[in-house]
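Structure, as structure tokens:
Just so it is clear, the values below take in all heavy atoms, side chains as well, and ignore hydrogens, waters and symmetry mates. Below, read A as the first sequence line, B as the second, and so on, with proteins coming before strands; counting in each chain starts at 1.
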Amino acid sequence: MIQTMAWRNIWRSTTRSLVVIGAIAVGIWAALSLTGFATGMVKSYVNNAVQNIVSHIQVHQPDFLDENEVKYNIPDAGGVEQAIRAEPGVKAVSVRSVVKGMISSSQGARGVSIKGVEPEEEARVNALDENIVEGDYLSGEGRNPILVSDELAKKLNVKVRSKVVLNFQDRGGSITAAAFRVAGVFDTGNKPFDLSHVYVRRSDLNNLLSSAADSALAVGLLAHEIAIMVDDIRKVDTIASSLSAGLPGLEVQTYRQISPDLELYEGQIKNISLIYLTVIMLALVFGIINTMLMAVLERIKELGMLMAIGMNKLRVFLMIVLESVLLGLVAMPVGLLLGYITIDYVGKNGIDMSMYAKGLESFGMSSVIYFELAPIVYLQVAVGVFLTAVLASIYPALKAIRLKPVEALRTI
Amino acid sequence: MKVITTKGVVKIYNPDKIPVKALNGVDLEIEEGEFTAIVGPSGSGKTTLLNVIGGLDRPDEGDVEVGGHDIDAMSDNDLIDFRKQHIGFVFQAYNLIPVLTARENVEFVMLLQNRPKKERHERAEELLRAVGLDDKMDKRPSELSGGQQQRVAVARALAPKPDFILADEPTANLDSKSTANLLDIMARLNEEEKITFVFSTHDQRVIDRARRVVTLVDGKVATDEVRG
Ligand SMILES: Nc1ncnc2c1ncn2[C@@H]1O[C@H](COP(=O)(O)OP(=O)(O)OP(=O)(O)O)[C@@H](O)[C@H]1O
Ligand SMILES: [Mg+2]
């Protein structure tokens with residue numbers, strides 16, 4: 001009957017109760033939507049970085065990672081590539097040769113990392129071909145084509161078909177210079193990356209890298225970096241450790257290890273939802289306290305009577321707590337449903353943020369954000385609201401049981 | 001057997017500002033099964049005395065013993081339990097639980113006592129029928145007249161078969177027919193179930209039915225008349 005009483009009590013002031021219920025529901029909705037938004041942003045950032053830059057997994061010769069020198073190439077790159085392709089879950093593999101060098105035009109020069117790629121394979125691992133904003137991808141037939149970013153093109157004051165010169169040390173240690181023609185201009189959205197990377201054909205680069213001592217066969221197979229995409233990002237760690245076991249002497253890294261900022265952001269998703277939840281619940285606490293306090297104060301006489309006829313303090317306390325919890329429980333499905341609908345809709349259709357945040361793209365995010373939410377967050381929010389309702393009712397409930405029945409009865 | 005004893009009970013309100021001696025040394029002994037009216041002018045301390053006996057209020061001086069328990073020695077929560085088990089209260093102003101129906105109000109204390117459902121239902125119906133509310137059982141207090149509410153309050157006090165019923169002007173808002181009804185019920189329960197009744201009243205018809213009349217004046221017992 002205490003449940004019945006509590007339930008009926010909350011409908012004594014229908015408007016007041018509906019206002020709190022509405023506030024709680026909106027709070028739940030906001031907590032879910034904001035978390036969905038933040039998760040979507042982070043995922044968008046991570047996905048962009050993975051697709052445009054880091055890929056899921058990279059394999060190097062460990063010394064190459066430390067010294068970044070051409071001589072630390074992957075031994076038997078062809079065999080390694082075969083082994084990687086045979087690994088279940090691997091979707092695409094791109095073998096690259098990489099060298100640090102300098103790109104110069106008549107207008108200026110910059111230090112860059114030169115990536116020699118197999119155009120077709122690279123396009124499967126990397127969205128590079130889709131990121132071409134001017135000109136063509138490397139597939140063109142011309143001699144020594146190169147892809148530079150729009151940022152770098154601006155700095156060097158070059159455009160499609162302009163000539164640039166690359167300088168770097170070959171495997172023998174002597175400085176080589178070679179002329180390349182800009183085939184296309186790309187834009188990944190990540191400015192620091194774009195300014196410091198250029199793409200050429202692997203065969204062109206390998207030819208330039210070879211010293212007199214190298215045999216023609218070995219030159220063709222020269223590789224420093226193997227980039228891998230898997231078919232499910234959640235399997236990255238398993239596949240990476242399996243590859244690592246099969247490739248002794250090589251360093252196998254996931255995107256989180258290659259780019260620790262990605263790991264940091266992904267790790268923050270959990271905190272983000274908890275922070276939003278806490279802030280919103282804090283706001284709700286005061287709303288609920290206020291409502292429950294009003295509900296207690298306008299019922300002083302009745303509460304006194306209940307204690308006079310034998311309802312003990314624990315039961316009175318529980319009744320008040322229950323009233324507060326019921327407010328939360330009524331609001332909960334409404335808020336959760338609204339949140340779910342929002343996440344689901346924006347998750348499918350996306351929300352175009354370019355109107356509000358022009359700069360998003362220069363941070364490496366897309367301007368269309370798709371909301372995303374881990375199912376556990378619904379549970380977290382539900383538990384959070386429940387605890388909030390309990391917490392918020394404690395003060396009013398204590399107030400109620402501190403009443404002296406006889407004084408309470410005398411108040412009009 | 002004496003079931004209620006008050007010795008030199010003093011109750012002072014507002015001790016710091018303008019003190020009011022609501023009770024000024026009340027000595028009273030009530031035997032089991034008595035049917036006692038407490039009368040006296042307004043402000044003479046009737047409500048205060050009933051509250052002190054029922055443990056709703058603590059005396060500033062003196063001792064109160066009810067059913068063998070020293071009221072002063074019990075904690076607030078013990079007193080609530082004591083009332084739940086032994087005392088039925090009827091207040092001067094109707095004090096029903098507004099969100100419960102008449103039937104639920106009557107069942108309420110029995111529910112607090114964890115009595116079985118069947119017993120609660122039967123008892124509530126029996127009592128509501130006895131106070132003439134057969135057709136109002138599922139009405140909320142706001143749908144009942146003052147007299148009907150008071151009858152529900154009496155039924156609620158009687159429902160758990162308490163040892164004592166303390167009623168503060170139970171008929172104050174009743175017409176004469178309801179008053180007679182209520183008195184019949186009270187007298188019958190007093191006889192059949194040996195419940196000890198103490199009630200305050202201004203109502204001559206109620207005073208006439210009492211078997212003992214204690215008159216309070218200025219917080220003291222002025223006369224104490226036991227009728228045959
Ligand atoms: N909470 C209180 N604070 C201050 N004075 C009080 C309080 N309660 C009662 N009194 C005073 O104590 C005295 C006794 O009050 P009480 O209510 O017991 O009288 P009563 O005999 O029941 O009167 P009535 O017939 O009008 O109900 C009165 O003078 C009253 O004003
Ligand atoms: Mg009174």
(message) Just so I understand: if I count every heavy-atom pair under 4.5 Å between each of Thr48(B), Ile87(B), Ile80(B), Asp76(B) and chain A, which residue has the most?
(response) Ile80(B)
(request) Give me the ring orientation class for His69(B) and His86(B): parallel if the planes are under 30° apart, tilted from 30 to 60°, perpendicular past 60°. (result) tilted
(request) Over 60° means perpendicular and under 30° means parallel, so classify the ring planes of Trp11(A) and Trp7(A), tilted if in between. (result) perpendicular
(request) Using a heavy-atom cutoff of under 4.5 Å, enumerate the residues of residues 307-326 of chain A that contact chain B, numbered in order, or state 'none'. (result) Met307(A), Ala308(A), Ile309(A), Gly310(A), Met311(A), Asn312(A), Lys313(A), Arg315(A)
(message) Ignoring hydrogens and geometry beyond distance, is a side-chain donor-acceptor pair present between Asp78(B) and Ser75(B) at under 3.5 Å?
(response) yes
(message) So if I apply the side-chain contact (heavy atoms from CB on, under 4.5 Å) rule between Lys117(B) and each of Arg115(B), Glu119(B), Arg120(B), which one comes out positive?
(response) Arg120(B)
(message) Measuring only between side-chain heavy atoms, which start at C-beta, is Leu264(A) closer than 4.5 Å to Gln268(A)?
(response) yes
(request) Considering only heavy atoms and a distance below 4.5 Å, find which of Asn51(B), Val99(B), Val109(B) pairs most often with chain A. (result) Val99(B)
(message) Need one label for Leu306(A): side chain, backbone, both or neither, based on atoms under 4.5 Å from any heavy atom in chain B.
(response) side chain
(message) Can you tell me which portion of Gln113(B) sits under 4.5 Å from chain A's heavy atoms? Options are side chain, backbone, both or neither.
(response) neither
(message) Rounded to the nearest 0.5 Å, what separates atom CG in Asp135(B) from atom CZ in Arg129(B)?
(response) 11.5 Å
(request) Measure the shortest side-chain to side-chain distance between Val9(B) and Glu61(B) over non-hydrogen atoms and say whether it is less than 4.5 angstrom. (result) no
(request) Measure distances from Arg299(A) to the heavy atoms of chain B and classify the residue's part below 4.5 Å as side chain, backbone, both or neither. (result) neither
(message) Is Arg140(B) close to chain A through its backbone or its side chain, or both, or neither, when contacts mean heavy atoms under 4.5 Å?
(response) side chain
(request) Sequence neighbours left out, what passes side chain to side chain contact (heavy atoms under 4.5 Å, CB included) with Asp60(B)? Give chain and number order. (result) Lys11(B), Ile12(B)
(message) In this structure, is the centre-to-centre distance between the rings of Phe199(B) and Phe35(B) below 6.0 Å?
(response) yes
